[in-house]
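Keep in mind the model is a prediction, meaning the values are calculated, not measured. By convention here, the first residue in the shown sequence is residue 1.
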Amino acid sequence: MEEKVAKPAGIPIHRVSSGNIRNDALNPDHRFASMPLHILNKDGRPGMTRRQCTGEYKIKPIKQKVRELLGYPYPARISKWVFVEQWVGISTDEFHRAKDADVKYMRNRHPFLDMSWSRTECVRYLTSLGLADTPKSSCLGCPFHGNAQWRHIRDTSPSEWADVVEFDAAIRQGNARANASGNRLLGEAFLHRSRVPLSQAPIDHVTAAERVALHIVVDEADVLENGVEDGCSPWARRGDADALTRDDFGLAT
């Protein structure tokens, strides 16, 4: 889809990668940047692992590519007068997620906020261009997926669904590197927020986030429990770090 729109407009596309987080998580010999897995502790209390994945698998390779395009590969010092302007697609529904880049040679712009566009306006515009099926940017196996995203994978891509179900089962005891080093997880890890195996998770339940998108009145307690945002992207953070794209997970759309 990117090539269909960008190439005729003369816009080059650069794909960057820092490896495959799925493989790294299951490889005891590979350093692993923690995913925000949902944890069920032995005493029954819920928890969540730290999120480091986007910094390692997305932001870092983006910075490396930007330096390359500017002609200042690491560790060359970049003049304060040299920078790129990076456009980030944050809509008004999630304005609080708009962040500045953490380096001076990258300056973030948020065009949808400048135009006061909500996700509804974005979808309407994409629909007018015949691009209504454009998905949100997110990792194939991201623990921040809402039920709608899990259902979409299950119902439209059986092979990807089988893969994330397999990964969910494989990650139950945490990442392989930590286990091999004796730093075992004190509980069980899950991809779905219900903290049950993904194959059994209640993904057919319509969440608060979906009802908000459909303009249906939601119960405040449900919002607090389930949240109203799905997915995340660089400089559009949910908490202390970020998640990944499907490409970063090793399974391109």
Taking only residues at least two apart or on different chains, which pairs with a member in residues 35-48 satisfy side-chain hydrogen bond (donor to acceptor under 3.5 Å, both in side chains)?
Asp43-Arg45

Do Val103 and Lys63 come within less than 4.5 Å of each other through their side chains, counting heavy atoms only?
yes

Start with the C-alpha gap between Lys104 and Ile78, add the side-chain angles, then the distance that decides, and say whether side-chain contact (heavy atoms from CB on, under 4.5 Å) holds.
CA-CA 9 Å; Lys104 293 182 179 179; Ile78 302 178; over 6 Å; no

Side chain to side chain, Arg154 and Asp204, heavy atoms closer than 4.5 Å:
yes

Mind listing the closest non-hydrogen atom pair of Pro8 and Val5 along with its distance?
CD-O, 3.5 Å

Common cluster, Ile171/Leu140, ILVMFWY with side-chain heavy-atom separation under 4.5 Å
yes

Nearest heavy-atom pair of Ile21 and Cys53: which atoms, and what distance?
CD1-CB, 3.6 Å

Any residue meeting salt bridge (Lys or Arg N to Asp or Glu O under 4.0 Å) with Asp155, in chain and number order, not counting sequence neighbours
none

Quick check: does any side chain N or O of Asn179 sit under 3.5 Å from a backbone N or O of Arg184, one acting as donor and the other as acceptor?
no

Note: His192 and Pro202 closest approach over all heavy atoms is CE1-CD, 4.0 Å

Check for me, please, whether Val84 and Val16 land in the same ILVMFWY cluster - side-chain distances under 4.5 Å, paths through other members count.
yes

Look up atom CG in Asp114 and atom OG1 in Thr92, then write down how far apart they are to the nearest 0.5 Å.
12.0 Å

Donor-acceptor contact present, side-chain Ser157 to main-chain Ile153, <3.5 Å:
no

Is the backbone of Gly146 close enough, under 3.5 Å, to the side chain of Gln149 for a donor and an acceptor to pair up by distance?
yes

Short N-O contact, Asp100 and Arg107, less than 4.0 angstrom:
no

How many angstroms lie between atom CG of Asn108 and atom CD of Gln86, to the nearest 0.5 angstrom?
5.0 Å

Is there a path from Val66 to Val82 through hydrophobic residues (I, L, V, M, F, W, Y) whose side chains come within less than 4.5 Å of each other?
yes

If you link ILVMFWY side chains whenever their heavy atoms are less than 4.5 Å apart, which other residues fall into the same cluster as Ile11? By chain and number, please.
none

Smallest heavy-atom separation, Tyr72 atom then Ser79 atom, equals CE2-N, 4.4 Å

Consider only side-chain N and O atoms of Asp24 and Tyr57, and report whether a donor and an acceptor are under 3.5 Å apart.
yes

Counting N and O atoms only, with roles assigned by atom type, does the side chain of Asn27 sit under 3.5 Å from a partner on the main chain of Arg177, one being a donor and the other an acceptor?
no

Quick one: sort the Phe112 and Trp117 rings into parallel, tilted or perpendicular, breaks at 30° and 60°.
parallel

Should Tyr125 and Met115 be counted in the same cluster of Ile, Leu, Val, Met, Phe, Trp and Tyr side chains packed under 4.5 Å apart?
yes

Looking at every heavy atom in both Asp168 and Pro197, which two are closest together, and how far apart are they?
OD2-CA, 3.5 Å

Between His30 and Asn23, a side-chain donor and acceptor under 3.5 Å:
no

Donor-acceptor pair, Arg67 side chain versus Ala76 backbone, under 3.5 Å?
yes

If you define the side chain from C-beta out and look only at heavy atoms, does anything of Leu70 sit under 4.5 Å from Phe83?
no

Following the transitive rule for hydrophobic clusters with a side-chain heavy-atom cut-off under 4.5 Å over Ile, Leu, Val, Met, Phe, Trp and Tyr, establish whether Leu185 and Leu40 coincide in one cluster.
no

Does the pair Glu85/Arg109 count as a salt bridge with the N-to-O cut at 4.0 Å?
yes

Arg195 side chain vs Pro46 backbone, donor-acceptor pair below 3.5 Å:
no

Non-neighbouring partners of Arg124 that pass side-chain contact (heavy atoms from CB on, under 4.5 Å), sequence neighbours left out:
Thr120, Glu121

For Pro12 and Gly10, work out which heavy atoms get closest and say how close.
CD-O, 3.5 Å

Any chance you could measure His145, atom NE2, to Arg151, atom CZ, to the nearest 0.5 Å?
12.5 Å

Show the numbers, then the answer: is there a side-chain hydrogen bond (donor to acceptor under 3.5 Å, both in side chains) between Ser91 and Asp93?
CA-CA 5 Å; Ser91 62; Asp93 312 73; 3.0 Å; yes

Between the CG atom in Leu186 and the CD1 atom in Ile39, the distance rounded to the nearest 0.5 Å is 10.0 Å

If you measure from OH on Tyr74 to NZ on Lys60, what distance do you get to the nearest 0.5 Å?
9.5 Å

Does the side chain of Leu191 come within less than 4.5 Å of Trp150's, by heavy atoms?
yes

To the nearest 0.5 Å, atom OG of Ser34 lies from atom CD of Glu56 at 12.0 Å

Does Leu37 offer a backbone N or O that forms a donor-acceptor pair with the side chain of Thr49 under 3.5 Å?
yes

Taken in chain and number order and not counting sequence neighbours, the residues that satisfy side-chain contact (heavy atoms from CB on, under 4.5 Å) with Glu68 are Lys65

Give a yes or no answer on whether the side chain of Asn147 reaches the backbone of His205 with a donor-acceptor pair at less than 3.5 Å.
yes

So do the side chains of Met35 and Pro143 get within less than 4.5 Å of each other, counting heavy atoms only?
yes

Is a donor on one side and an acceptor on the other found under 3.5 Å between the side chain of Arg172 and the backbone of Ala189?
yes

Is there a side-chain contact between Pro36 and Arg50 (heavy atoms, below 4.5 Å)?
no

Val123: which residues meet the side-chain contact (heavy atoms from CB on, under 4.5 Å) condition with it, sequence neighbours left out?
Arg119, Thr127

